2 protein chains.
Amino acid sequence: MKTRTTTQQVHILQYLRQKHSHPCAEAIHKEVVKQLPTITLATVYRNLNKLVEQEDIISFKVGNTYHYDGKVGDHIHGICENTGKIVDIEQPELVQYVRKKIHHHGFTPKNIRIIVTGTCKRGETQ
Amino acid sequence: MKTRTTTQQVHILQYLRQKHSHPCAEAIHKEVVKQLPTITLATVYRNLNKLVEQEDIISFKVGNTYHYDGKVGDHIHGICENTGKIVDIEQPELVQYVRKKIHHHGFTPKNIRIIVTGTCKRGETQ
DNA sequence: GTATATGCAAACAATTTGCTCTCCT
DNA sequence: AGGAGAGCAAATTGTTTGCATATAC
(Lines give C-alpha, C1' and ligand atoms only; values in the text may rest on other atoms or scores of the structure.)
Protein backbone atom coordinates (compact mmCIF):
# COMPACT_ATOMS: atom_id res chain seq x y z
CA MET A 1 0.00 0.00 0.00
CA LYS A 2 1.96 2.99 -1.20
CA THR A 3 1.27 6.22 0.52
CA ARG A 4 0.05 9.31 -1.25
CA THR A 5 0.86 12.92 -0.44
CA THR A 6 -2.32 14.92 -0.07
CA THR A 7 -2.95 18.60 0.47
CA GLN A 8 -4.32 17.82 3.91
CA GLN A 9 -1.22 15.95 4.95
CA VAL A 10 1.06 18.69 3.71
CA HIS A 11 -0.83 21.31 5.67
CA ILE A 12 -0.81 19.28 8.87
CA LEU A 13 2.89 18.52 8.66
CA GLN A 14 3.71 22.11 7.79
CA TYR A 15 1.73 23.35 10.73
CA LEU A 16 3.54 21.01 13.12
CA ARG A 17 6.94 21.88 11.73
CA GLN A 18 6.38 25.58 12.08
CA LYS A 19 4.46 25.56 15.35
CA HIS A 20 6.58 24.89 18.37
CA SER A 21 3.82 24.15 20.80
CA HIS A 22 2.57 20.59 21.12
CA PRO A 23 -0.99 20.67 19.90
CA CYS A 24 -3.51 17.88 20.15
CA ALA A 25 -5.54 16.66 17.18
CA GLU A 26 -8.40 19.04 17.85
CA ALA A 27 -6.13 22.08 18.07
CA ILE A 28 -4.47 21.06 14.83
CA HIS A 29 -7.83 20.65 13.18
CA LYS A 30 -9.00 24.05 14.42
CA GLU A 31 -5.99 25.63 12.78
CA VAL A 32 -5.81 23.66 9.54
CA VAL A 33 -9.52 24.00 8.86
CA LYS A 34 -8.92 27.72 8.31
CA GLN A 35 -7.09 26.93 5.11
CA LEU A 36 -8.98 23.75 4.24
CA PRO A 37 -12.56 24.39 5.30
CA THR A 38 -13.81 20.89 4.54
CA ILE A 39 -11.18 18.91 6.43
CA THR A 40 -12.59 16.79 9.24
CA LEU A 41 -11.18 15.72 12.56
CA ALA A 42 -11.11 12.11 11.37
CA THR A 43 -8.85 13.07 8.51
CA VAL A 44 -6.57 14.92 10.87
CA TYR A 45 -6.31 11.79 13.04
CA ARG A 46 -5.65 9.54 10.07
CA ASN A 47 -2.89 11.80 8.84
CA LEU A 48 -1.35 12.21 12.25
CA ASN A 49 -1.22 8.44 12.65
CA LYS A 50 0.39 8.10 9.28
CA LEU A 51 2.95 10.79 10.02
CA VAL A 52 3.82 9.17 13.32
CA GLU A 53 4.27 5.83 11.59
CA GLN A 54 6.52 7.41 9.00
CA GLU A 55 8.42 9.06 11.85
CA ASP A 56 7.87 12.50 10.44
CA ILE A 57 6.43 13.57 13.77
CA ILE A 58 6.22 12.15 17.28
CA SER A 59 3.31 11.80 19.65
CA PHE A 60 2.92 11.46 23.37
CA LYS A 61 0.07 11.43 25.84
CA VAL A 62 -0.69 14.03 28.43
CA GLY A 63 -3.76 13.30 30.49
CA ASN A 64 -6.27 11.72 28.14
CA THR A 65 -4.98 13.26 25.00
CA TYR A 66 -2.32 12.66 22.42
CA HIS A 67 -0.11 15.61 21.62
CA TYR A 68 1.91 15.89 18.46
CA ASP A 69 5.32 17.34 17.86
CA GLY A 70 6.96 18.17 14.56
CA LYS A 71 10.37 18.03 16.16
CA VAL A 72 11.53 14.43 16.07
CA GLY A 73 14.97 14.67 17.69
CA ASP A 74 15.55 13.44 21.26
CA HIS A 75 14.25 15.97 23.73
CA ILE A 76 12.41 16.11 27.01
CA HIS A 77 8.89 17.39 27.56
CA GLY A 78 8.12 19.40 30.65
CA ILE A 79 4.52 19.93 31.71
CA CYS A 80 4.24 23.03 33.84
CA GLU A 81 1.64 22.65 36.56
CA ASN A 82 1.16 26.40 36.83
CA THR A 83 1.01 27.54 33.24
CA GLY A 84 -0.36 24.26 31.85
CA LYS A 85 2.11 24.60 29.00
CA ILE A 86 4.22 21.82 27.56
CA VAL A 87 7.76 23.07 27.20
CA ASP A 88 10.70 21.55 25.37
CA ILE A 89 13.73 20.79 27.44
CA GLU A 90 16.51 20.56 24.93
CA GLN A 91 19.07 18.23 26.41
CA PRO A 92 19.96 15.84 23.63
CA GLU A 93 23.20 14.72 25.32
CA LEU A 94 21.25 13.87 28.45
CA VAL A 95 18.81 11.75 26.50
CA GLN A 96 21.75 10.11 24.76
CA TYR A 97 23.29 9.36 28.13
CA VAL A 98 20.04 7.81 29.39
CA ARG A 99 19.86 5.76 26.24
CA LYS A 100 23.36 4.42 26.76
CA LYS A 101 22.76 3.60 30.42
CA ILE A 102 19.56 1.75 29.64
CA HIS A 103 21.36 -0.24 27.01
CA HIS A 104 24.09 -1.18 29.48
CA HIS A 105 21.37 -2.25 31.86
CA GLY A 106 20.23 -4.88 29.39
CA PHE A 107 17.37 -3.23 27.55
CA THR A 108 17.87 -2.25 23.91
CA PRO A 109 16.14 1.10 23.58
CA LYS A 110 14.35 2.40 20.52
CA ASN A 111 12.24 5.38 21.54
CA ILE A 112 12.76 7.21 24.79
CA ARG A 113 10.07 9.49 26.15
CA ILE A 114 10.94 11.58 29.14
CA ILE A 115 8.04 13.56 30.50
CA VAL A 116 8.43 15.72 33.55
CA THR A 117 5.77 17.49 35.52
CA GLY A 118 6.79 20.46 37.61
CA THR A 119 7.16 24.17 37.10
CA CYS A 120 8.84 26.07 34.32
CA LYS A 121 10.62 29.40 34.89
CA ARG A 122 7.59 31.40 33.93
CA GLY A 123 5.38 29.18 36.10
CA GLU A 124 7.48 29.86 39.18
CA THR A 125 6.79 33.55 39.13
CA GLN A 126 3.04 33.12 39.10
CA MET B 1 -13.54 15.60 52.69
CA LYS B 2 -11.72 13.02 54.72
CA THR B 3 -10.98 9.76 53.04
CA ARG B 4 -12.20 6.39 54.26
CA THR B 5 -10.39 3.09 54.01
CA THR B 6 -12.60 0.50 52.40
CA THR B 7 -12.19 -3.19 51.83
CA GLN B 8 -12.06 -2.54 48.11
CA GLN B 9 -9.27 -0.05 48.42
CA VAL B 10 -7.23 -2.35 50.66
CA HIS B 11 -7.52 -5.21 48.20
CA ILE B 12 -6.53 -3.06 45.22
CA LEU B 13 -3.53 -1.58 46.97
CA GLN B 14 -2.46 -4.97 48.28
CA TYR B 15 -2.69 -6.44 44.83
CA LEU B 16 -0.53 -3.69 43.34
CA ARG B 17 2.04 -3.91 46.10
CA GLN B 18 2.44 -7.63 45.73
CA LYS B 19 2.17 -7.86 41.95
CA HIS B 20 5.19 -6.59 40.12
CA SER B 21 3.66 -6.35 36.71
CA HIS B 22 1.99 -3.11 35.69
CA PRO B 23 -1.65 -3.95 35.26
CA CYS B 24 -4.33 -1.71 33.84
CA ALA B 25 -7.63 -1.07 35.58
CA GLU B 26 -9.38 -3.92 33.84
CA ALA B 27 -6.69 -6.45 34.76
CA ILE B 28 -6.83 -5.27 38.35
CA HIS B 29 -10.58 -5.61 38.37
CA LYS B 30 -10.39 -9.12 36.91
CA GLU B 31 -8.13 -10.13 39.76
CA VAL B 32 -9.76 -8.32 42.66
CA VAL B 33 -13.25 -9.43 41.69
CA LYS B 34 -12.21 -12.97 42.62
CA GLN B 35 -12.14 -11.98 46.26
CA LEU B 36 -14.83 -9.27 46.08
CA PRO B 37 -17.37 -10.58 43.60
CA THR B 38 -19.52 -7.43 43.58
CA ILE B 39 -16.78 -4.89 42.94
CA THR B 40 -17.24 -2.97 39.71
CA LEU B 41 -14.80 -1.48 37.28
CA ALA B 42 -15.99 2.01 38.25
CA THR B 43 -15.02 1.38 41.84
CA VAL B 44 -11.63 0.15 40.75
CA TYR B 45 -11.11 3.35 38.77
CA ARG B 46 -12.26 5.52 41.64
CA ASN B 47 -9.87 3.82 44.02
CA LEU B 48 -6.98 3.91 41.62
CA ASN B 49 -7.46 7.63 41.14
CA LYS B 50 -7.55 8.15 44.88
CA LEU B 51 -4.43 6.06 45.41
CA VAL B 52 -2.58 7.97 42.73
CA GLU B 53 -3.61 11.25 44.34
CA GLN B 54 -2.40 10.04 47.71
CA GLU B 55 0.81 8.94 46.03
CA ASP B 56 0.41 5.39 47.23
CA ILE B 57 0.80 4.21 43.66
CA ILE B 58 1.84 5.72 40.34
CA SER B 59 0.23 5.58 36.95
CA PHE B 60 1.43 6.01 33.41
CA LYS B 61 -0.01 5.60 29.96
CA VAL B 62 0.94 3.02 27.43
CA GLY B 63 -1.00 3.27 24.19
CA ASN B 64 -4.55 4.10 25.16
CA THR B 65 -4.47 2.74 28.63
CA TYR B 66 -3.38 3.75 32.07
CA HIS B 67 -1.17 1.27 33.86
CA TYR B 68 -0.68 1.24 37.59
CA ASP B 69 2.35 0.47 39.66
CA GLY B 70 2.55 -0.17 43.38
CA LYS B 71 6.20 0.75 43.38
CA VAL B 72 6.45 4.50 43.78
CA GLY B 73 10.24 5.03 43.78
CA ASP B 74 12.01 6.52 40.76
CA HIS B 75 12.43 3.92 38.08
CA ILE B 76 12.23 3.56 34.34
CA HIS B 77 9.63 1.59 32.41
CA GLY B 78 10.65 -0.40 29.39
CA ILE B 79 8.06 -1.62 26.94
CA CYS B 80 9.35 -4.62 25.04
CA GLU B 81 8.14 -4.65 21.47
CA ASN B 82 8.63 -8.41 21.20
CA THR B 83 7.21 -9.74 24.43
CA GLY B 84 4.75 -6.87 24.96
CA LYS B 85 5.76 -6.81 28.59
CA ILE B 86 6.42 -3.72 30.65
CA VAL B 87 9.66 -4.22 32.54
CA ASP B 88 11.16 -2.20 35.36
CA ILE B 89 14.55 -0.71 34.72
CA GLU B 90 15.90 -0.01 38.16
CA GLN B 91 18.30 2.87 37.77
CA PRO B 92 17.39 5.27 40.55
CA GLU B 93 20.70 7.14 40.32
CA LEU B 94 20.13 7.70 36.63
CA VAL B 95 16.69 9.15 37.28
CA GLN B 96 18.20 11.30 40.01
CA TYR B 97 20.79 12.52 37.56
CA VAL B 98 18.15 13.39 34.99
CA ARG B 99 16.21 15.21 37.67
CA LYS B 100 19.24 17.28 38.60
CA LYS B 101 20.06 18.12 35.00
CA ILE B 102 16.53 19.21 34.27
CA HIS B 103 16.59 21.42 37.31
CA HIS B 104 19.82 23.03 36.19
CA HIS B 105 18.20 23.59 32.84
CA GLY B 106 15.60 25.81 34.49
CA PHE B 107 12.65 23.50 35.03
CA THR B 108 11.76 22.47 38.58
CA PRO B 109 10.81 18.82 38.29
CA LYS B 110 8.22 17.02 40.36
CA ASN B 111 7.43 13.72 38.68
CA ILE B 112 9.65 12.22 36.06
CA ARG B 113 8.37 9.48 33.81
CA ILE B 114 10.85 7.78 31.57
CA ILE B 115 9.28 5.30 29.20
CA VAL B 116 11.37 3.41 26.70
CA THR B 117 10.25 1.21 23.89
CA GLY B 118 12.66 -1.40 22.60
CA THR B 119 13.55 -4.97 23.38
CA CYS B 120 14.26 -6.61 26.70
CA LYS B 121 16.78 -9.43 27.12
CA ARG B 122 14.12 -12.08 26.79
CA GLY B 123 12.64 -10.31 23.78
CA GLU B 124 15.94 -10.37 21.93
CA THR B 125 16.12 -14.14 21.86
CA GLN B 126 12.72 -14.52 20.26
C1' DG C 1 -25.71 9.01 62.89
C1' DT C 2 -23.61 10.93 59.12
C1' DA C 3 -21.13 11.34 55.22
C1' DT C 4 -18.13 8.92 52.12
C1' DA C 5 -17.75 4.95 49.06
C1' DT C 6 -20.09 1.44 46.32
C1' DG C 7 -22.79 -0.55 42.57
C1' DC C 8 -25.23 0.10 38.63
C1' DA C 9 -26.19 2.16 34.41
C1' DA C 10 -25.80 5.80 31.64
C1' DA C 11 -22.72 9.61 29.96
C1' DC C 12 -18.37 11.24 28.06
C1' DA C 13 -14.32 12.34 25.42
C1' DA C 14 -10.88 10.96 22.45
C1' DT C 15 -10.04 8.21 18.76
C1' DT C 16 -11.27 4.83 15.12
C1' DT C 17 -13.95 2.74 11.41
C1' DG C 18 -17.30 1.64 7.40
C1' DC C 19 -18.91 3.41 3.49
C1' DT C 20 -19.29 6.25 -0.58
C1' DC C 21 -17.29 9.70 -3.26
C1' DT C 22 -13.22 12.37 -4.69
C1' DC C 23 -8.97 13.20 -6.85
C1' DC C 24 -3.77 11.94 -7.18
C1' DT C 25 -0.70 9.63 -10.15
C1' DA D 1 -8.47 3.92 -14.84
C1' DG D 2 -7.41 2.43 -10.34
C1' DG D 3 -6.81 2.92 -5.69
C1' DA D 4 -5.40 5.71 -1.68
C1' DG D 5 -7.37 9.24 0.80
C1' DA D 6 -11.31 12.46 2.25
C1' DG D 7 -15.63 13.39 4.33
C1' DC D 8 -19.43 12.12 7.03
C1' DA D 9 -21.65 9.70 10.61
C1' DA D 10 -21.80 6.04 13.50
C1' DA D 11 -19.13 2.89 16.48
C1' DT D 12 -15.69 1.75 19.86
C1' DT D 13 -12.68 2.14 23.90
C1' DG D 14 -11.20 3.70 28.21
C1' DT D 15 -12.74 6.33 31.83
C1' DT D 16 -16.02 9.18 34.55
C1' DT D 17 -20.41 10.48 36.73
C1' DG D 18 -25.32 10.75 38.90
C1' DC D 19 -28.02 8.66 41.94
C1' DA D 20 -29.81 5.48 45.47
C1' DT D 21 -28.09 2.30 48.85
C1' DA D 22 -24.56 0.31 51.83
C1' DT D 23 -20.88 0.88 55.07
C1' DA D 24 -16.80 2.94 57.57
C1' DC D 25 -15.94 5.84 61.33
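Lettering of chains follows the sequences in order, A, B, ..., and the numbering in each one begins at 1. Because the structure is predicted, anything quoted here is derived from the model rather than measured. Note: hydrogens, waters and symmetry copies are ignored here, and every other heavy atom, side chains too, is used.
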Practice problem: Look up atom CD in B/Glu53 and atom OG in B/Ser59, then write down how far apart they are to the nearest 0.5 Å. | Solution: 11.0 Å

Quiz item: Do NZ/NE/NH1/NH2 and the carboxylate oxygens of B/Lys50 and B/Asp56 come within less than 4.0 Å?
Solution: no

Quiz item: Between B/His11 and B/Asn47, does any side-chain donor sit less than 3.5 Å from a side-chain acceptor?
Solution: no

Quiz prompt | Within residues 8-23 of chain A, residues whose heavy atoms come under 4.0 Å of DNA chain D | solution = A/Gln8

Practice problem: At under 4.0 Å between heavy atoms, which parts of nucleotides 20-25 of chain C does protein reach? Answer with one letter per nucleotide, 5' to 3': B base, S sugar-phosphate only, - none. | Solution: ----BS

Quiz item: Side chains of B/His20 and B/Asp69: is there a donor and an acceptor less than 3.5 Å apart?
Solution: no

Practice problem: State whether a side-chain donor-acceptor pair under 3.5 Å links A/His77 with A/His75. | Solution: yes

Quiz item: Is the shortest distance from a Lys or Arg side-chain nitrogen in A/Lys101 or B/Glu93 to a carboxylate oxygen in the other one below 4.0 Å?
Solution: no

Quiz item: About how many Å separate NE2 of A/His67 and SG of A/Cys24, when rounded to the nearest 0.5 Å?
Solution: 5.5 Å

Exercise. Not counting sequence neighbours, which residues clear side-chain contact (heavy atoms from CB on, under 4.5 Å) with B/Arg113? List them please.
Key: B/Ile58, B/Phe60, B/Asn111

Quiz prompt | Residues in contact with DNA chain D, drawn from residues 36-64 of chain A - heavy-atom cutoff 4.0 Å | solution = A/Thr38, A/Ile39, A/Thr40, A/Ala42, A/Thr43, A/Arg46, A/Asn47, A/Lys50

Quiz item: Using rotation axes that map the C1' atoms of four end pairs onto the next four (five pairs an end), what angle separates the end axes of the helix from C/dG1-D/dC25 to C/dT25-D/dA1, to 10°?
Solution: 40°

Quiz prompt | A/Arg122 side chain to A/Cys80 backbone, donor-acceptor under 3.5 Å | solution = no

Exercise. Could you list who else is in A/Ile39's hydrophobic cluster, with ILVMFWY side chains joined at under 4.5 Å, directly or through other members?
Key: A/Ile12, A/Leu13, A/Tyr15, A/Leu16, A/Ile28, A/Val32, A/Val33, A/Leu36, A/Leu41, A/Val44, A/Tyr45, A/Leu48, A/Leu51, A/Val52, A/Ile57, A/Tyr66, A/Tyr68

Quiz item: OP1 or OP2 of C/dT6 less than 4.0 angstrom from a side-chain nitrogen or oxygen of B/Thr6, does that happen here?
Solution: yes

Exercise. To the nearest 0.5 angstrom, please state how far the CZ atom of A/Arg46 sits from the OG1 atom of A/Thr6.
Key: 11.0 Å

Exercise. Could you pull out the closest heavy-atom pair between B/Lys61 and A/Gly63, with the gap in Å?
Key: CE-O, 3.3 Å

Practice problem: Drop me the distance from B/Asn49's CG to B/Gln54's CD, to the nearest 0.5 angstrom. | Solution: 11.0 Å

Practice problem: Using whole Å, report how far NZ of B/Lys2 lies from P of C/dT2. | Solution: 14 Å

